[in-house]
Protein chains: 2
Amino acid sequence: MPDQQQLTDKQRLTLGFIQRYIAAHTVPPKLQEIAEGIGISSRGVAHRYVQALVDAGFIKTDSGKHRGIRLLNVNTHNNESILPLLGKIAAGKPIEAIPGEDQIDLRDFFGDNNFAVRVQGDSMIEAGIMDGDTAIIRFCETANDGDIVVALIDETETTLKKFKRSHRGRYIKLIPANKDMEEMVYEASRVRIQGILIGQIRKY
Amino acid sequence: MPDQQQLTDKQRLTLGFIQRYIAAHTVPPKLQEIAEGIGISSRGVAHRYVQALVDAGFIKTDSGKHRGIRLLNVNTHNNESILPLLGKIAAGKPIEAIPGEDQIDLRDFFGDNNFAVRVQGDSMIEAGIMDGDTAIIRFCETANDGDIVVALIDETETTLKKFKRSHRGRYIKLIPANKDMEEMVYEASRVRIQGILIGQIRKY
DNA sequence: TAAGGCGAGAACATTTTGAGAACAACATGC
DNA sequence: GCATGTTGTTCTCAAAATGTTCTCGCCTTA
């Protein structure tokens, strides 16, 4: 896997310019535009940087073709927990900027009181929580009606369900999000909350 | 494992600066920047500290290269993109440990080639992607059948759908995951891939 | 005093960057 | 098809930036 750290400053700048250019124009830039974009005047130098990025595996070129740069599906990463949030996507116009929101901060997920569990089964599928997803849980022993919680039943059985009190708190309902499954009712003393769902993650 | 206690004050300061610099910039600092960062003005002195850290086993250098400093297996937990993965959750026994897997690493999500978009609408609901979720997208112009992609149609309309070629690549199908919606077929030239879905995040 | 950590800066080697000429390949209009 | 301008490619030369090595001097402390 290519490593951005191996690039020189100008090579990194060039790669960033190409990505931004494509995101903005939907077509790749020509060498002249790259040169201007990174603050130089020589097409030859721009070509040298492009070639370095090809060698490093970040892009490929349709040799000779005008605007023949393609981004490859490479995966570079760093240690930050903040992602640029480009906008909304839907059936609609090109990605629409969201006013006042330009990044998503996941630091909430990484607190000391949090942990992750792998979800198994389809009991919450109508809440968009699927088999194999990762649920982010905050350690917590109390919950409000409507929270999705990790509940331990009779000290033996753990499950992820929507939480609801009934009979003034004497009973607790654990409600799946799957019409094929039924909600379960327990005496409050049999149920212990282990944590509340605060997030959900899926990797493809 | 090298022992920080053996370092002099300035060497420890230098190491800390390098770690913070890389965390903040994703690339290593140059000697000039290290010098300024630790409050001196001489590249030569900065180099002396760097060399001491190499000898002590904390870092290594690509000799001669600009920004050629690499951190070695720095024990630390300053990787804030990793969560402990406690186990599977299901209707079953108390949270079950997963053999061979004890944390989930989200660094994949934070590359410079990635961005996030807010999902609007229910067209992918059966894939567990709901209105309001955040989709993590990697810039990329090519996709394989089955990938979920951000596609720009006729240069005007952007959408998140499953990608599939047909008629030997002359046509492209964009398939929603919602039984109330129908798949769409376009000539390949009308569809431009803007990125591939690599992850999905939801906050409660 | 002797030894070691620290800082400045000169001198040199190497890498990185920039300009531009010359040519080849491509795209477009006729 | 051909002519023409544009764009990509290759090359040389040079300058700037960076890494490396070195000497000198200051200070603290055993």
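Below, chains carry the letters A, B, ... as their sequence lines are ordered, and counting in each starts from 1.
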Reading DNA chain C from 5' onward, which residue's closest nucleotide shows up sooner: B:Ser41 or A:Asp9? B:Ser41
Could you check how far NE2 of B:His66 sits from P of D:dT18, rounded to whole Å? 7 Å
Side-chain donor/acceptor contact of A:Ser42 with base of C:dG20 under 3.5 Å: yes
Drop me the distance from A:Leu197's CG to A:Lys161's NZ, to the nearest 0.5 angstrom. 12.5 Å
A:Gln32 CD - D:dG5 P separation (whole Å): 17 Å
Restricting to salt bridge (Lys or Arg N to Asp or Glu O under 4.0 Å), what partner residues turn up for A:Arg165, sequence neighbours left out? A:Asp145
Please write out the pairs of protein N or O atoms and N or O atoms of nucleotides 9-15 of chain D separated by less than 3.5 Å, giving the distance to one decimal.
unit_1: D:dT9; atom_1: OP1; unit_2: A:Ser63; atom_2: OG; d: 3.4
unit_1: D:dT9; atom_1: OP1; unit_2: A:Gly64; atom_2: N; d: 3.2
unit_1: D:dT9; atom_1: OP2; unit_2: A:His47; atom_2: NE2; d: 2.9
unit_1: D:dT9; atom_1: O5'; unit_2: A:His47; atom_2: NE2; d: 3.1

Looking at D:dG8, C:dA8, C:dC6, which one has an atom nearest to any side-chain atom of A:Lys30? D:dG8
Tell me the interatomic distance from A:Ile40, atom CD1, to C:dT16, atom C1', rounded to whole angstroms. 12 Å
Min side-chain heavy-atom separation A:Asp9-B:Arg67 under 4.5 Å: yes
Has B:Tyr49 got a side-chain N or O lying under 4.0 Å from the OP1 or OP2 atom of C:dG5? no
For B:Lys10 and C:dA8, give me the distance from atom NZ to atom C1', rounded to whole Å. 13 Å
Find the distance A:Lys60:NZ to D:dG8:C1' and express it as a whole number of Å. 16 Å
d(CD, A:Gln11; P, C:dT17) in whole Å: 6 Å
Side chains of B:Leu174 and B:Ile153: does their closest heavy-atom pair fall under 4.5 Å? yes
Begin from the C-alpha positions of B:Glu187 and B:Tyr171 and carry the test side chain to side chain donor-acceptor pair (under 3.5 Å) through to its verdict. CA-CA 4 Å; B:Glu187 290 171 31; B:Tyr171 291 88; 5.1 Å; no
Distance check needed: C:dG18 C1' versus A:Ile38 CD1, whole Å only. 10 Å
Do the side chain of A:Gln32 and the main chain of A:Arg43 share a donor and acceptor less than 3.5 angstrom apart? no
Could you tell me the separation between the CZ atom of B:Arg12 and the P atom of C:dG5, rounded to a whole number of Å? 13 Å
Check side-chain hydrogen bond (donor to acceptor under 3.5 Å, both in side chains) between A:Arg192 and all other residues, then give those that pass, not counting sequence neighbours. A:Glu155
